[in-house]
2 protein chains.
Amino acid sequence: MHIDKQSPIPIYFQIMEQLKTQIKNGELKADAPLPSEREYAEQFGISRMTVRQALSNLVNEGFLYRQKGRGTFVSKLKMEQPLQGLTSFTEDMRSRGMKPGSRLAEYQLIPATEELASILGCGYPSMLHKIIRVRLANDIPMALEASYIPFDMAGKLDASHFRSSMYEHIEEYNQMPISRAKQELEPGTASQEEAELLGIQPGAPVLYIKRTTYLQDGTAFEHVKSAYRGDRYTFVHYMDRVK
Amino acid sequence: MHIDKQSPIPIYFQIMEQLKTQIKNGELKADAPLPSEREYAEQFGISRMTVRQALSNLVNEGFLYRQKGRGTFVSKLKMEQPLQGLTSFTEDMRSRGMKPGSRLAEYQLIPATEELASILGCGYPSMLHKIIRVRLANDIPMALEASYIPFDMAGKLDASHFRSSMYEHIEEYNQMPISRAKQELEPGTASQEEAELLGIQPGAPVLYIKRTTYLQDGTAFEHVKSAYRGDRYTFVHYMDRVK
DNA sequence: CAGTGGTCTAGACCACGCG
DNA sequence: GCGTGGTCTAGACCACTGA
């Protein structure tokens, strides 16, 4: 393990990457104490504060934990964690080892309803992209999805946008990264129409997911209502205590 | 706004608390630029690094966001966020303005099944507390819940533990804070037995939630399988991009 | 007691945004 | 060019842990 002080890559970042690798490799075993912050600082010939920045980030991400007066240790978890976080349908399916796909069912530019304008925090007479798609996994229907995106935040859309990464387009168009989403999950039973589009029996269990996604400054840029097949989809996530 | 350098409360923490208050009050408005880190440092007569520690924490918690070369700004979100994170059923219901309750349906000390031993990462012949409860909100059944907790991680349990906060007991008993949980959510339809205990019709939508909860060092200490009434419960959460 | 992480200082240079 | 956040230094004192 060594660092390159001349590299344009920040030192704390180099340390983080190497420690993550060592944890994944098993070179650093779960519950094993790391060398102390002062040892790392001396070993690399850098300041202790720089070491702390690296370690603090890894603690926040759950790779390490600290104990006052004792030391810093490797966390047991995190080795097999998909580490999902906020993902698009496409990323979600890929991380499950399935081939994502999509069939456009409807596209329109519509005036915002009162409900959507309020959720999206946009002016009342504003226009929204309305995109309804059947989402596929390994060519089999997995979910039915209706997205609403303010025209102001995406500009004109065409078929190419529906195929490639919409999230990247949004980040570029607004010059601001995506940072958070609020989701609401509720069980239900498939309606006649949902059942037909998803290829299941009416009355079969479905998982309704409503998502509102926000840019870094807290502006909402999309609202999505979807219905996932209960027989093929389990929603998995990780939560942190307090914060 | 001012800080007390003599106080035993860390300076960065004092700054964090006051900024959060100002954001909630509306003294600091959404998208408004904060004074620069150097201004705060001079105003309080402290080092810039200390100011940065306070601001960085608030950025991680989603109250603020930074832009290189421009400044630090107040995030729009977060003002009304319940800021849930990992909570117990009791905390969850309280945050929804409902009175939580509980009815013990079954308690046993059982030998771990292979499945549970593997999930909990405990030795095969180990003993588990098995606790089945009907969870109430405003005295109406909300969920059916089966918890499995290794005896090693909780010691002997009696009625008082089922009434008070189990999580606090666990943290004290193990001398280690709870930090994370993995959850799996799946829709389903109520079985005959579930329907009776929950007071709903067989075949009505239910939300199955499986949770495994971990201490800071990554040791699993409980596995919970629950069934929530679909007509009275929506699961709400927030996700962060990347990480 | 020595070693650890937690907090803090008073500087420094950089790349970036904006006028 | 000037102010911003991003990174980094070389120290310091504290409270806590464990032998």
Side-chain angles (χ1 to χ4, degrees), chain A residues 2-19 28 31-60 63-75 172 174-177 179 216-217, chain B residues 2-19 28 31-60 62-75 174-177 179 216-217:
Chain A
H2 89 298
I3 57 158
D4 178 2
K5 283 206 211 186
Q6 308 319 316
S7 164
I9 298 165
I11 295 173
Y12 78 92
F13 193 85
Q14 296 181 42
I15 297 176
M16 285 174 65
E17 289 303 309
Q18 293 190 41
L19 285 178
L28 284 172
D31 280 330
L34 264 68
S36 77
E37 298 172 351
R38 288 169 181 83
E39 278 180 65
Y40 274 130
E42 197 181 355
Q43 178 189 337
F44 296 141
I46 59 176
S47 163
R48 184 182 153 215
M49 285 299 281
T50 304
V51 176
R52 266 185 79 72
Q53 188 177 1
L55 298 189
S56 297
N57 287 345
L58 291 175
V59 167
N60 281 331
F63 289 94
L64 305 175
Y65 63 97
R66 292 203 258 234
Q67 288 191 336
K68 258 185 296 190
R70 299 226 311 133
T72 305
F73 305 85
V74 179
S75 198
E172 200 172 320
N174 295 283
Q175 297 269 35
M176 171 99 62
S179 77
Q216 211 178 48
D217 69 356
Chain B
H2 90 296
I3 58 158
D4 178 3
K5 283 206 210 183
Q6 308 320 316
S7 164
I9 299 163
I11 295 174
Y12 79 92
F13 193 84
Q14 295 180 42
I15 298 176
M16 286 175 64
E17 289 303 308
Q18 293 189 41
L19 285 178
L28 284 172
D31 281 331
L34 263 66
S36 78
E37 297 172 352
R38 288 168 181 84
E39 277 181 66
Y40 273 131
E42 197 182 353
Q43 178 189 335
F44 296 142
I46 59 176
S47 162
R48 183 181 156 217
M49 285 299 281
T50 304
V51 175
R52 268 186 77 73
Q53 189 178 359
L55 298 188
S56 297
N57 288 345
L58 292 175
V59 168
N60 281 332
F63 290 93
L64 305 175
Y65 63 97
R66 292 202 256 232
Q67 288 191 335
K68 259 187 293 191
R70 299 227 310 131
T72 305
F73 305 86
V74 179
S75 196
N174 294 284
Q175 296 269 38
M176 172 99 61
S179 77
Q216 209 177 49
D217 69 355

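Below, read A as the first sequence line, B as the second, and so on, with proteins coming before strands; counting in each chain starts at 1. Quick caveat: nothing in here was measured; it's all calculated off a predicted structure.
A 4.5 Å side-chain heavy-atom check between B:Leu58 and B:Thr72 finds every atom pair outside the cut-off.
Nearest heavy atoms, A:Ala54 versus A:Tyr12: CB-O, 3.4 Å. Counting all heavy atoms, side chain and backbone alike, B:Gln14 lies closest to B:Ser7 at NE2-CB, 3.7 Å. The minimum heavy-atom distance linking A:Asp31 with A:Phe73 is given by the pair O-CD2, 3.6 Å.
Under a 4.0 Å N-O distance rule, the pair B:Glu37/B:Arg66 qualifies as a salt bridge.
Atom CG of A:Leu64 and atom P of C:dT4 are 16 Å apart (whole Å). The CE atom of A:Met176 sits 16 Å away from the C1' atom of C:dC16 (whole-angstrom rounding). Rounding to whole angstrom units, OH of residue A:Tyr40 and C1' of C:dT4 are separated by 14 Å. B:Gln175 places its CD atom 14 Å from the C1' atom of D:dG18, with the value rounded to the nearest Å. One can place CD of B:Gln6 at 14 Å from C1' of D:dC14, the figure rounded to the nearest angstrom.
A 6.0 Å sphere centred on CD of B:Glu42 holds no more than 12 heavy atoms belonging to other residues, nucleotides or ligands.
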Legend entry - Audit row: B:Asn60, A:Asn60, side-chain contact (heavy atoms from CB on, under 4.5 Å) steps and yes/no: CA-CA 9 Å; B:Asn60 281 332; A:Asn60 281 331; 3.8 Å; yes
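Between B:Ile3 and the options B:Thr50, B:Ile11, B:Ile9, a side-chain contact (heavy atoms from CB on, under 4.5 Å) holds for only B:Ile11.
In this structure, the helix from C:dC1-D:dG18 to C:dC18-D:dG1 shows an angle of 10° between the axis at its start and the axis at its end, each fitted on 5 base pairs and rounded to 10°.
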Inset, instruction - If a protein heavy atom is under 4.0 Å from the base, mark B; if only from the sugar-phosphate, S; if neither, -; do that for nucleotides 4-10 of chain D going 5' to 3'. - result: BBBBBBB
